[in-house]
Amino acid sequence: MNVKFLNPFVEAATEVLQAEVGVSPARGNLTLHKSALTTDEVTVLISLVGQVQGVVLYGLSVATGLALVSRMMSQDFAEFDSLAQSGVAELGNVITGQASIKLAGAGAAADISPPTLILGRGVTISTLDFSRIVVPLACDLGQITVHLALRESPSDGRGLSAVPLLANVGLAAAGRSAP
Amino acid sequence: MNVKFLNPFVEAAYEVLRAETGVAVARGDLALDKHPYVTDDVTVILSLVGRVEGTVFYSMSRETAMALASLMLGERLRELDGLAQSGVAELGNVITGRATVKLADAGYASTISPPTLLVGRGATISTLDFHRLVVPLDSDCGRVLIQLAVREGANRGQTMAALPVPARPALAGS
């Protein structure tokens, strides 16, 4: 994991939160995590594919999510319904999109996947051999934790570089049956 | 959501599970699910970007995950530790990779993200406006659900990496 990928995300988050929600987040201390992440109430998951690859996760509480979308759509949300969910996911999408434009400007182009939203506290998300850089962004409406599990792609990042060949460990299992 | 994107995943899962774990897989009934997915014990998540875009989940119980990882690694695993998790995630990675090769042959080239593994039952995963096609795959190891939330990509397969801006377009020849 490379720290140089971090700033585009912090800048993008600051700009997007300012433009969409009207808050100026303050960046907290960076930490590097090798272990799995235990989810907060709401997690937006977006993958990057290209010269940079990996996963970005935005973790926040339901209360923060509600406060953010209420501002974003100028209407009070009391319940974290599908509109609110889609608003939070969109926020993650726009931040990641902006960050990827900045990354492309720095010579590390990547496409982003559509967002996936995970609701439920206490689930473990493992990015496996990708370690995570974690940055908390605190604003009036609460805290958003940005988790970056990214690395430079092994090749030029195009095509199927991320797919290993079929490992042949399994071929030795020909005679074995299920346990 | 287009059903034509499904078969490559089912075929790939069938081939990969057979090759990697030696188990024969039977396909159950297909269902279209518009609701968020409530997680089983173990879920492997991968995203596709390109002419097909979206997310695919492979979900299974802890027992199934351990049985598959045990067969794959050729040793009996007793807990879902890092090695077992990495084995299950790799299975999802290889299946999805193989499926994208098939999709590319059908004219839908895409790139896949590295896998992310979710451990923990009862969380809700929403793919938002993507509907999910769900196919159960049954084997001696238990049931694996393939949950496919993909659609034809908007960017027609042009990745940003594939569109370099020419540095000096006009002056090059002068």
Side-chain angles (χ1 to χ4, degrees), chain A residues 36 38-39 43 45-51 53-55 57 82 85-86 89-90 100 104 109-130 149 151 156-179, chain B residues 16 18-23 36 39 45-50 53-55 67 70-74 76 82 85-86 89-90 93-94 96-98 100-101 104 109 111-130 139-141 149 155 159-164:
Chain A
T38 304
T39 56
T43 309
L45 182 153
I46 296 177
S47 299
L48 272 81
V49 172
Q51 288 164 327
Q53 63 170 5
V55 179
L57 300 145
S82 54
Q85 292 179 18
S86 128
E90 184 57 19
S100 74
D111 278 323
I112 67 173
S113 73
T116 301
L117 197 76
I118 301 164
L119 296 177
R121 182 190 282 277
V123 176
T124 305
I125 301 183
S126 165
T127 45
L128 304 154
D129 44 342
F130 287 66
R151 66 176 170 205
D156 65 351
R158 292 217 51 229
L160 300 164
S161 57
V163 184
L165 294 175
L166 258 187
N168 50 16
V169 280
L171 299 178
R176 263 190 273 133
S177 61
Chain B
V16 170
R18 177 123 221 173
E20 297 274 345
T21 65
V23 297
T39 58
I45 304 177
L46 285 111
S47 297
L48 280 83
V49 174
E53 64 174 14
T55 308
S70 297
L71 281 179
M72 208 178 145
L73 302 171
R76 179 69 73 101
Q85 291 185 13
S86 140
E90 182 58 16
N93 192 25
V94 177
T96 313
R98 213 171 159 82
T100 58
V101 172
T111 313
I112 64 173
S113 72
T116 303
L117 195 77
L118 218 79
V119 179
R121 182 186 279 273
T124 302
I125 302 185
S126 166
T127 44
L128 304 155
D129 45 340
F130 286 66
S139 71
D140 292 346
C141 294
N155 69 359
T159 63
M160 283 174 67
L163 290 173

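Just so it is clear: chains get the letters A, B, ... in the order the sequence lines come, proteins before strands, and each one is counted from 1. It should be emphasised that the depicted structure is a prediction, and the values quoted were computed from it without experimental measurement.
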- [ ] Please look at A/Ser82 and chain B and tell me whether the side chain, the backbone, both or neither of the residue comes under 4.5 angstrom of a heavy atom of that chain.
- [x] neither

- [ ] Pick one of side chain, backbone, both or neither for A/Ile125, based on which atoms fall under 4.5 Å of a heavy atom in chain B.
- [x] both

If you define the side chain from C-beta out and look only at heavy atoms, does anything of [X] sit under 4.5 Å from [Y]?
{"X": "A/Pro115", "Y": "B/Leu128", "answer": "yes"}
{"X": "B/Val49", "Y": "A/Ser47", "answer": "no"}
{"X": "A/Leu45", "Y": "B/Thr116", "answer": "yes"}

Task: Minimum-distance pair of heavy atoms, taken over all atoms of B/Ala123 and A/Val123 - done: CB-CG2, 3.2 Å

TODO: With a 4.5 Å cut-off on heavy-atom pairs, point out which of A/Ile112, A/Leu117, A/Thr127, A/Asp129 contacts chain B the most.
DONE: A/Leu117

- [ ] Mind checking the CD1-OG1 spacing from A/Ile118 to B/Thr124? Nearest 0.5 Å is all I need.
- [x] 10.0 Å

Task: Point-to-point distance, once rounded to the nearest 0.5 Å, from CG of B/Leu46 to OG of A/Ser113 - done: 10.5 Å

TODO: Tell me, out of B/Ile125, B/Thr55, B/Thr39, B/Ile45, who's got the most heavy-atom pairs with chain A below 4.5 Å.
DONE: B/Ile125

Open item on the list: Need one label for B/Pro115: side chain, backbone, both or neither, based on atoms under 4.5 Å from any heavy atom in chain A.
Closed with: both

